[in-house]
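Below: the structure, in C-alpha cells.
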Amino acid sequence: DAGVIQSPRHEVTEMGQEVTLRCKPISGHDYLFWYRQTMMRGLELLIYFNNNVPIDDSGMPEDRFSAKMPNASFSTLKIQPSEPRDSAVYFCASSSAGPIQHNEQFFGPGTRLTVL
Amino acid sequence: GDSVTQMEGPVTLSEEAFLTINCTYTATGYPSLFWYVQYPGEGLQLLLKATKADDKGSNKGFEATYRKETTSFHLEKGSVQVSDSAVYFCALMPKGGGADGLTFGKGTHLIIQP
C-alpha cells in the first residue's frame with residue numbers, strides 16, 4: 001500500500017486566495033483525520049470523519065475552514081479566504097477501527113502551506 | 001480537557017548516550033498512550049504505544065512504561081544513534097470506544113551528535 005497520500009506537498013499562496021488540500025487515505029481505513037502543525041501550537045486535531053461522515057469538527061478554527069469527504073478514498077480541507085496565520089503544515093491521517101480499540105493512525109507526509 | 005506535557009527541546013546528546021524524554025498527561029479515566037516520531041520532511045510514525053496501566057511499549061530500542069500513579073509515559077533508550085535525530089511526540093487517546101483524534105504534546109526535538 002502506498003500509505004496516506006497528500007497533495008500538494010507545498011503550497012504558497014497570497015492572502016485572500018482559496019486553498020484546497022487533498023488527502024487519499026489508506027484503502028480500507030474508515031477513519032480520516034486532519035491535523036495542523038505550527039511552532040506555536042504544536043499539533044492540533046481539526047476534524048475527523050468516520051465512514052465519510054464528519055464526527056467532530058470542534059477543532060476547526062473558524063468558518064473559513066471546511067472539510068469534506070465525498071467518498072471513502074478522498075477528502076479535502078479548504079480554506080477560503082486564506083490568511084497569513086493559516087501558514088502551517090497540515091497532516092492527514094487514517095485508521096481502521098476494528099475489534100481492538102485505539103488502532104494506529106497512519107499519517108501522510110503533510111502539506112506545507114505558506115500564505116503571504 | 002485532555003492534555004499532554006513533554007519536556008522542551010532541543011535535546012542534544014552524543015552518540016551512545018542514554019536518552020530520557022519526559023511526558024506527563026492529564027485525562028479523564030485511563031487513556032491509551034503513544035509516542036510518535038517525525039523525521040525531517042516526513043509525517044509522523046508510530047514508535048510505540050501502551051493501552052493500560054503498567055504496560056510497557058517498546059520498539060527499535062526505545063521503551064516507555066504507562067505509569068498511572070504519576071500519569072507519565074517517559075520515553076527511554078539506552079544508547080542513541082545519529083539516526084535517532086528527529087522530533088518525538090507524546091500523545092494520548094481517550095478511552096470511550098471508536099477512534100477519536102489524538103491529543104499531542106508540543107514535541108521534543110532530539111539532536112544526536114557523532
Side-chain angles (χ1 to χ4, degrees), chain A residues 2-7 9-10 21 23-26 28-51 53-60 67 89-112, chain B residues 1-10 21 23 25 27-53 55 57-59 66 73 86-109:
Chain A
V4 176
I5 298 172
Q6 291 186 248
S7 65
R9 290 296 307 275
H10 302 274
L21 311 181
C23 175
K24 176 178 168 54
I26 292 173
H29 283 189
D30 48 5
Y31 282 82
L32 184 141
F33 307 82
W34 282 101
Y35 292 89
R36 178 173 67 175
Q37 184 180 34
T38 62
M39 289 293 291
M40 290 296 294
R41 301 173 68 91
L43 268 161
E44 305 170 278
L45 176 66
L46 301 178
I47 185 171
Y48 78 91
F49 296 82
N50 177 219
N51 291 324
V53 176
I55 302 300
D56 183 356
D57 65 354
S58 60
M60 295 287 262
V89 180
Y90 291 82
F91 288 102
C92 177
S94 69
S95 70
S96 174
I100 301 173
Q101 291 182 340
H102 312 301
N103 289 295
E104 177 182 354
Q105 292 185 18
F106 292 82
F107 282 75
T111 295
R112 181 175 295 277
Chain B
D2 297 343
S3 66
V4 175
T5 302
Q6 55 183 113
M7 58 194 297
E8 297 279 334
I21 300 178
C23 170
Y25 67 89
T28 303
Y30 303 110
S32 289
L33 302 174
F34 304 80
W35 277 101
Y36 277 80
V37 59
Q38 184 180 28
Y39 297 103
E42 298 183 11
L44 280 72
Q45 304 172 27
L46 179 65
L47 180 60
L48 53 83
K49 69 178 181 182
T51 58
K52 61 183 188 297
D55 267 2
S58 61
N59 185 26
Y66 189 140
F73 193 55
V87 181
Y88 292 81
F89 293 90
C90 186
L92 69 82
M93 184 181 293
K95 282 285 197 286
D100 297 326
L102 292 158
T103 297
F104 285 93
K106 288 282 183 73
T108 301
H109 187 192

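Residue numbers start from 1 in every chain, and the chains themselves are labelled A, B, ... in the order their sequence lines are given, proteins ahead of strands.
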Part of Arg112(A) within contact of chain B (heavy atom distance under 4.5 Å)
neither
What pair of heavy atoms forms the shortest contact from Gln37(A) to Phe89(B), and how long is it?
NE2-CZ, 3.2 Å
For residues Phe91(A) and Gln38(B), report the shortest heavy-atom separation together with the two atoms involved.
CZ-NE2, 3.2 Å
Working to the nearest 0.5 Å, report the span between CZ of Phe107(A) and CG of Leu46(B).
9.5 Å
Mind checking the CE-NZ spacing from Met40(A) to Lys106(B)? Nearest 0.5 Å is all I need.
7.0 Å
Checking Phe33(A) against Leu102(B) for the side-chain contact (heavy atoms from CB on, under 4.5 Å) test, could you report, in this order, the C-alpha distance in whole Å, the side-chain angles of both residues, the deciding distance, and whether it holds?
CA-CA 9 Å; Phe33(A) 307 82; Leu102(B) 292 158; over 6 Å; no
Look at Gly43(B), Gly105(B), Gly107(B) and state which one has the largest set of heavy-atom pairs under 4.5 Å with chain A.
Gly43(B)
